[in-house]
Protein chains: 2
Amino acid sequence: MSYKNPLFTVDSVLFTVQDNTLKVLLVKRAKAPFLGQWALPGGFIDIEQDANTDETAHRKLRDKTGFTPQYLEQLQVISGAERDPRGYSVTLAYYALVAHAPVKARIDSVKIAQWIDVKDLSLHPLAFDHAQIIALAQARLQQKTLYSMIPAFCLPERFTIAQLQQVIETIIEKPIQRKSLMRRIEASEMFTALDEKTSSGGRLAQLYSIKAGADLVNFERNLMAKDE
Amino acid sequence: MSYKNPLFTVDSVLFTVQDNTLKVLLVKRAKAPFLGQWALPGGFIDIEQDANTDETAHRKLRDKTGFTPQYLEQLQVISGAERDPRGYSVTLAYYALVAHAPVKARIDSVKIAQWIDVKDLSLHPLAFDHAQIIALAQARLQQKTLYSMIPAFCLPERFTIAQLQQVIETIIEKPIQRKSLMRRIEASEMFTALDEKTSSGGRLAQLYSIKAGADLVNFERNLMAKDE
DNA sequence: CCAATAGTGTCTGTGAGACAGTATGAG
DNA sequence: CTCATACTGTCTCACAGACACTATTGG
């Protein structure tokens, strides 16, 4: 038996937080369909280069945007006949996090890459069903933020608790208690307090960094931030 | 640009609980490679029949084993050059739950399907990397059991709290408090108490069923069963 | 009656929420 | 000194764990 093999692609939703805003990295499509529209960075697996799909996601992010995420995880496979005008398609979507940095040059086939505020996505027509995929990724990121330190991967090498709190609050769109956050930083054992402090207008703030090779810890309770 | 499209398959890890044992449904392969060995039921997507990969998983389970799961969810994509001797392959693994029932007759290409105790898997040589996929699925099922009522989908239409407790304890391999379970049954609002009780050697037990169209609720805390 | 299983009452423990209070920097 | 931000102490609350207690069946 031999079936028609559908198109298989890998797309990534790369998030960062800048200025208390959750942003997603989009690229302008250089080819039809959806030529010139914003889309998730992604493409076809290259079985010569990619040992697995994680490497495909990394490679496409690197080549199309210049970023290498600090965190990358499978989100979901989306499939169907209607989502790509070229025909039945299967897409493996990843979501990823990186510390904010401006988009550098642009590469080969892609005209331009840009950080776009997730709140402004409705202003931009997105290619394929990429708007839905971003919504899925955002929901997953929000959920995971309630029981893990995943937002730490949106921060630079050295950061303060206040910065981490800001990032968390931006992601879940609710305030949290600094005290709860400190308890979790302690309990997770993911972080090292550096011998360094940073100035921020008042008392100097302790700098932290993620321990090398530290695993993401899952807490047994969610944060339960109140609505506004 | 045109890359070689890798083989894309969909495989399912269908679990059930019987006699306080977690079992997984395996089929004997009817073709090379791994002819005659146990494997997960799965196969290629059929873009004529399957609106998406969920339907592929359902169709393959139905055709190869006769079962229609009460719960089905994507697990993970596994990919690489080494996992299938025929070449680079990409597999979307699902995990699924169903109330126990004996395996019925058998269909077309597949010789036989059978419920196999997950503890006995080491006795059987499994095709491909299916042993690892089952281990992944089991870990996910255990984790999800801590914060949801997902084990209810291993039960028949009508069931008692004691049965649900048994299934949970079998999955997580730890005892839980009946009281905690009752609190969650209440809070989840997923279940209806039927006007019916069943005999089980002592006081009659209340029968419950899953409300039609009830969504799986995620609790904000995990169960925290002690080791043994 | 007793044995067995179903179900409740209620106390403790844990970690999040709330928020007042203290500490330490700059000017 | 004051102001701003960092950090701590400690109370409350919600819900899981523990386990003794009552309830209801069959024999």
Side-chain angles (χ1 to χ4, degrees), chain A residues 20 143-149 151 155 158-169 172-191 193-208 217-228, chain B residues 20 142-149 151 155 158-169 172-189 191 193-208 217-228:
Chain A
N20 297 334
Q143 191 55 33
K144 195 146 184 158
T145 295
L146 298 179
Y147 63 82
S148 79
M149 286 299 185
L155 292 170
R158 299 150 53 236
F159 57 89
T160 67
I161 292 181
Q163 284 178 290
L164 180 52
Q165 184 176 350
Q166 292 279 313
V167 169
I168 291 171
E169 292 179 343
I172 65 175
E173 300 175 324
K174 286 178 184 156
I176 62 163
Q177 293 284 327
R178 177 199 189 80
K179 183 78 189 190
S180 302
L181 178 55
M182 297 203 63
R183 281 190 283 240
R184 288 186 159 205
I185 287 173
E186 267 301 307
S188 70
E189 298 183 353
M190 275 182 64
F191 305 101
L194 304 174
D195 297 331
E196 220 175 335
K197 310 209 178 218
T198 193
S199 168
S200 48
R203 174 174 166 180
L204 297 189
Q206 178 66 53
L207 281 169
Y208 291 83
V217 176
N218 290 342
F219 300 102
E220 292 190 333
R221 298 191 192 177
N222 282 1
L223 294 174
M224 287 170 289
K226 290 284 171 284
D227 309 290
E228 295 312 87
Chain B
N20 297 334
Q142 287 177 334
Q143 190 56 32
K144 195 146 187 158
T145 296
L146 297 179
Y147 62 82
S148 79
M149 285 299 186
L155 292 170
R158 296 154 350 119
F159 57 89
T160 66
I161 291 180
Q163 284 178 291
L164 180 52
Q165 183 175 350
Q166 292 279 313
V167 168
I168 292 172
E169 293 180 342
I172 65 175
E173 301 175 324
K174 285 176 184 158
I176 63 163
Q177 294 284 327
R178 176 196 192 82
K179 182 77 187 189
S180 302
L181 178 56
M182 297 202 62
R183 281 190 283 238
R184 288 187 159 203
I185 288 174
E186 266 301 307
S188 71
E189 297 183 354
F191 305 101
L194 304 175
D195 297 330
E196 219 175 335
K197 311 211 178 212
T198 192
S199 168
S200 48
R203 174 173 168 179
L204 297 188
Q206 178 65 54
L207 280 168
Y208 291 83
V217 176
N218 290 341
F219 299 101
E220 292 190 333
R221 298 193 192 175
N222 283 0
L223 293 175
M224 287 169 289
K226 290 286 172 287
D227 309 293
E228 297 310 89

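For the numbers below, each heavy atom of this structure counts, side chains included, while hydrogens, waters and symmetry mates do not. Owing to the predicted nature of the structure, the values given are computational and were not obtained by experimental measurement.
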- Message: Counting primed atoms plus P, OP1 and OP2 as sugar-phosphate and everything else as base, spell out the protein contacts along nucleotides 9-16 of chain D at 4.0 Å heavy-atom distance: B, S or - for each nucleotide, 5' to 3'.
- Response: BB---BBB
- In B/S/- notation (B base, S sugar-phosphate only, - none; protein heavy atoms under 4.0 Å), nucleotides 20-27 of chain D written 5' to 3' is ---BBB--
- Result for 5'-nearest mapping on DNA chain D, choosing between A:M182 and A:S200, is A:S200
- Axis-to-axis angle between the two ends of the helix from C:dC1-D:dG27 to C:dG27-D:dC1 (five base pairs per end, rounded to 10 degrees): 10°
- Sorted by chain and residue number, the side-chain contact (heavy atoms from CB on, under 4.5 Å) partners of A:K197 (sequence neighbours excluded) come out as A:L204, A:Q206
- Distance test, side-chain N/O of B:Q177 to OP1/OP2 of D:dA18, below 4.0 Å: yes
- With sequence neighbours excluded, what pairs up with B:Y208 under the ring pair (Phe, Tyr, Trp, His ring centres under 6.0 Å) test? none
- Quick one: pull up CD1 in A:I176 and CG in A:L181 and give me the separation to the nearest 0.5 Å. 4.5 Å
- Counterpart residues, side-chain contact (heavy atoms from CB on, under 4.5 Å), relative to B:Q177 (two or more places apart): B:S180
- Under the side-chain contact (heavy atoms from CB on, under 4.5 Å) rule, collect the residues that match up with A:S200, sequence neighbours excluded. A:A205
- For the pair made of CD in B:E169 and P in D:dG17, what is the distance, rounded to whole Å? 11 Å
- Could you state the NZ-C1' distance from B:K174 to D:dG17, rounded to the nearest angstrom? 14 Å
- Could you pick out which residue, B:Y208 or A:L181, lies toward the 5' side of DNA chain C when each is mapped onto its nearest nucleotide? B:Y208
- List for me each residue that meets side-chain contact (heavy atoms from CB on, under 4.5 Å) alongside A:E189, sequence neighbours excluded, and say none if there are none. A:K211
- Item | side-chain contact (heavy atoms from CB on, under 4.5 Å) between B:I185 and B:M149, intermediate numbers included | CA-CA 8 Å; B:I185 288 174; B:M149 285 299 186; 3.9 Å; yes
- Query: Does some side-chain heavy atom of B:N20 sit less than 4.5 Å from a side-chain heavy atom of B:E169?
  - Reply: no
- Item | Sequence-distant partners of A:D195, side chain to side chain donor-acceptor pair (under 3.5 Å), two or more places apart | none
- Item | Residues in ring pair (Phe, Tyr, Trp, His ring centres under 6.0 Å) contact with B:F219, at least two apart in sequence or another chain | none
- Message: Ignoring hydrogens, what is the shortest heavy-atom contact between A:R184 and A:L146? Give both atom names and the distance.
- Response: NH1-O, 3.0 Å
- Message: Using a strict heavy-atom distance below 4.0 Å, which residues from residues 158-166 of chain B are in contact with DNA chain D?
- Response: none
- If you measure from CD1 on A:I172 to CD on A:Q143, what distance do you get to the nearest 0.5 Å? 10.5 Å
- Residues that A:R158 engages under salt bridge (charged side-chain N to carboxylate O under 4.0 Å, His left out), provided they are two or more places apart: A:E196
- Item | Rounded distance in Å - CD (A:E186) to P (C:dG15) | 13 Å
- Rounded to whole angstroms, how far apart are CD1 on A:I176 and P on D:dC7? 14 Å
